[in-house]
Amino acid sequence: MDVINLLPSPPHFFRLFFRLALSLFNSTLHANYRRALVERRSHIEFDIDSETGFFPSRKLPQLPNTFDMWESALAEANGKLCLGDDDREEAIEKRPLGEAWRSSIRAWPVLDTEQLQNDLRLLQRAHFVLAWLVNFYVHSQPPTGNGADIIVPKSLTLPLVAVSRCLGIAPVLTFADTVLWNCEPIDPSQPLSASNIRFINLFSGTEDEENFYVASARAELRGVEMLRIIDDYNNLPTFTDLTTISKVSRDLNRLASIIGEISEIIRSVRPTCDPHVFYFDIRPWFEGSGAKGPNAPKWIYEGIEDSSKLDLSGPSAGQSSVMHALDIFLDIDHKLREKRVPSPSESNKRADRGFMERMRRYMPGRHREYLNFLAVTPKSVRQLAQSIPTLRDPYDNAVLALKRLRDQHMKIACLYVVTMSRQTSARGCPVSAMMAKLEESRASGSEPVRGTGGNELSALLKAGRDATARATLKRN
Ligand code: HEM
């Protein structure tokens with residue numbers, strides 16, 4: 001049989017050939033266009049830098065002259081004010097300075113922030129300055145002892161709420177203010193990196209505080225490569241060919257090793273940040289409204305209607321967008337919506353399931369939009385690994401690395417918060433501090449230890465760890 005005779009006549013054959021070539025060209029074009037679109041969106045629209053991730057690529061600029069009084073008040077307070085309940089001699093000596101500082105803020109006019117509204121970096125700087133001022137203001141006040149709510153003056157609250165609305169972020173000190181927007185390269189001629197970073201504002205002025213921020217920043221910077229892996233995955237035009245499957249497999253294994261490095265970073269905080277200093281001298285500055293429980297004094301934002309409805313918890317690495325991106329990519333079900341094994345324990349069910357979702361309200365709006373964008377990607381890597389047996393182990397490796405990270409993090413949080421909460425402060429007279437502590441726990445009926453944001457800590461962190469473990473495919 002003559003094969004040539006079986007082929008369509010030449011014009012028809014060429015038409016078919018061209019149609020095929022055109023459709024191949026179109027699909028490549030479409031895939032490239034989609035990739036370019038996704039990359040463009042992630043880098044510009046979501047305010048993510050290809051080298052520094054969620055950090056701005058440069059130090060935030062100072063505010064224009066109109067806002068000098070905000071900038072100077074922050075420079076004045078930086079590391080110099082004392083916690084209001086610090087009854088050491090040097091802290092008591094500094095109280096008049098704190099009182100004068102606070103009363104000048106109360107006397108300030110309310111500045112209009114309209115001129116900042118078209119400049120993202122200036123808006124971020126304004127949020128950073130005002131949010132730090134609020135926490136300095138609140139926590140440097142000596143306790144009144146009458147349980148009254150704390151009034152934050154309108155010279156801070158009105159502009160803070162205005163810039164927060166533009167940025168889509170909670171009007172309070174966040175992870176972005178303490179870490180992402182609070183640093184600069186030591187050597188400005190070199191890019192920001194884990195070894196070329198220093199922090200601008202400190203509450204306690206201690207090296208321990210700076211080292212705590214450095215650990216968070218190192219984890220965040222290490223996460224930039226994770227973002228690249230996630231973006232690569234989302235840009236894959238197809239999931240059917242062998243080359244793609246082996247790339248996904250390699251990337252999942254790479255992800256597991258980066259997560260392992262982040263666990264090491266979390267552990268590395270131990271020799272450089274003393275748990276006692278952290279718990280008694282640093283952490284109290286972070287506390288947000290109602291951090292000490294439902295009956296503790298709340299913050300009232302003067303001049304803001306329905307101020308009680310604002311998100312006013314303290315900063316937490318739970319607000320790190322990198323960690324959320326990882327959770328979304330690996331499909332960790334913190335809200336216990338999926339049926340996975342083993343079933344959640346009673347303690348898991350009682351823990352605060354909405355914590356991670358709530359923490360997103362404390363992220364810059366564009367970073368939250370990036371997470372929303374990730375959450376609607378057409379093919380989840382977990383589903384892909386479920387359908388392709390060779391991907392199951394690499395996927396499980398990444399999930400188990402994240403589970404180990406959460407185990408490691410629980411150890412640190414337990415040492416720095418739970419254990420320390422049972423100790424007495426080294427400040428002032430040890431006997432009176434111990435008596436005060438006993439009095440406090442008696443009055444509160446042995447309250448559970450709460451996290452920075454007022455959460456029951458152990459149950460919360462265990463629930464996150466168990467939700468992570470439940471994503472593995474081997475048992476599911
Ligand atoms: C001294 C070091 C640290 C302590 C004492 C600590 C403490 C805590 C506490 C108390 C929470 C509960 C939520 C809250 O109330 O804020 C928390 C949550 C969290 N922390 Fe840390 N943390 C430390 C370092 C880090 C570092 C370096 C990272 C970087 C990855 C990190 C990541 C997280 C995440 C992602 C959460 C949300 C809960 C979860 O995902 O399991 N923490 N941390």
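Each ligand, and each atom within it, is numbered from 1 in the order the structure gives.
Of the candidates F286, Y416, F212, F212 brings a heavy atom nearest to atom 2 (C) of ligand 1. When the heavy-atom distances from atom 36 (C) of ligand 1 to G318, S268, A463 are ranked, the shortest goes to G318.
Which parts of ligand 1 touch A317 is read off a 4.0 Å heavy-atom cut-off, strictly below it: atoms 20 (N), 28 (C), 31 (C), 32 (C), 33 (C), 34 (C), 35 (C), 42 (N). Shown in contact with M356 at under 4.0 Å from a heavy atom are these atoms of ligand 1, numbered in order with element: 37 (C), 40 (O). Here is the list of ligand 1 atoms found below 4.0 Å of a heavy atom in F278: 5 (C). Residue V269 approaches ligand 1 through these ligand atoms, each under 4.0 Å from one of its heavy atoms: 1 (C), 2 (C).
Polar contact with ligand 1: absent for S216 (N/O pair, distance under 3.5 Å). For a threshold of 3.5 Å applied to N or O pairs, the pair formed by R283 and ligand 1 contains no separation below that value.
Within a 6.0 Å sphere centred on NZ of K80, other residues, nucleotides and ligands contribute more than 12 heavy atoms.
Paired with F203 under the rule ring-ring contact (aromatic ring centres under 6.0 Å, His included), one option of F212, F136, Y137 passes, and it is F136. Just one of H127, Q319, Q124 meets the side chain to side chain donor-acceptor pair (under 3.5 Å) condition when paired with D177; it is H127.
The proximity of I265 to ligand 1, defined as any non-hydrogen pair under 4.0 Å, does not occur for either the backbone or the side chain. Of the heavy atoms in M359, none comes closer than 4.0 Å to ligand 1. Proximity of R406 to ligand 1, defined as any heavy-atom pair under 4.0 Å, is confined to the side chain (atoms from C-beta onward).
Under the 4.0 Å criterion applied to side-chain N and carboxylate O atoms, R470 and E338 are not assigned as salt-bridge partners. Of the charged side-chain nitrogens involved, none lies within less than 4.0 Å of a carboxylate oxygen, so that R366 and E369 do not count as a salt-bridged pair. Comment: K247 engages D251 in a salt bridge, judged by a side-chain N to carboxylate O separation of less than 4.0 angstrom.
With sequence neighbours excluded, the residues forming a ring pair (Phe, Tyr, Trp, His ring centres under 6.0 Å) with H367 are F54, listed by chain and number.
Sorting the N, O or S atoms of H409 by how far they are from atom 21 (Fe) of ligand 1 puts NE2 first.
Contact analysis leaves M410 out of contact with ligand 1, as no non-hydrogen atom separation drops below 4.0 angstrom. Within the structure, the closest approach of A219 to ligand 1 falls below 4.0 Å when heavy atoms are considered.
Listed by first and then second residue, the salt bridge (Lys or Arg N to Asp or Glu O under 4.0 Å) pairs involving residues 125-138 are E71-R125 (not counting sequence neighbours).
One finds the OG1 atom of T52 at 9.5 Å from the CG atom of L180 (value rounded to the nearest 0.5 Å).
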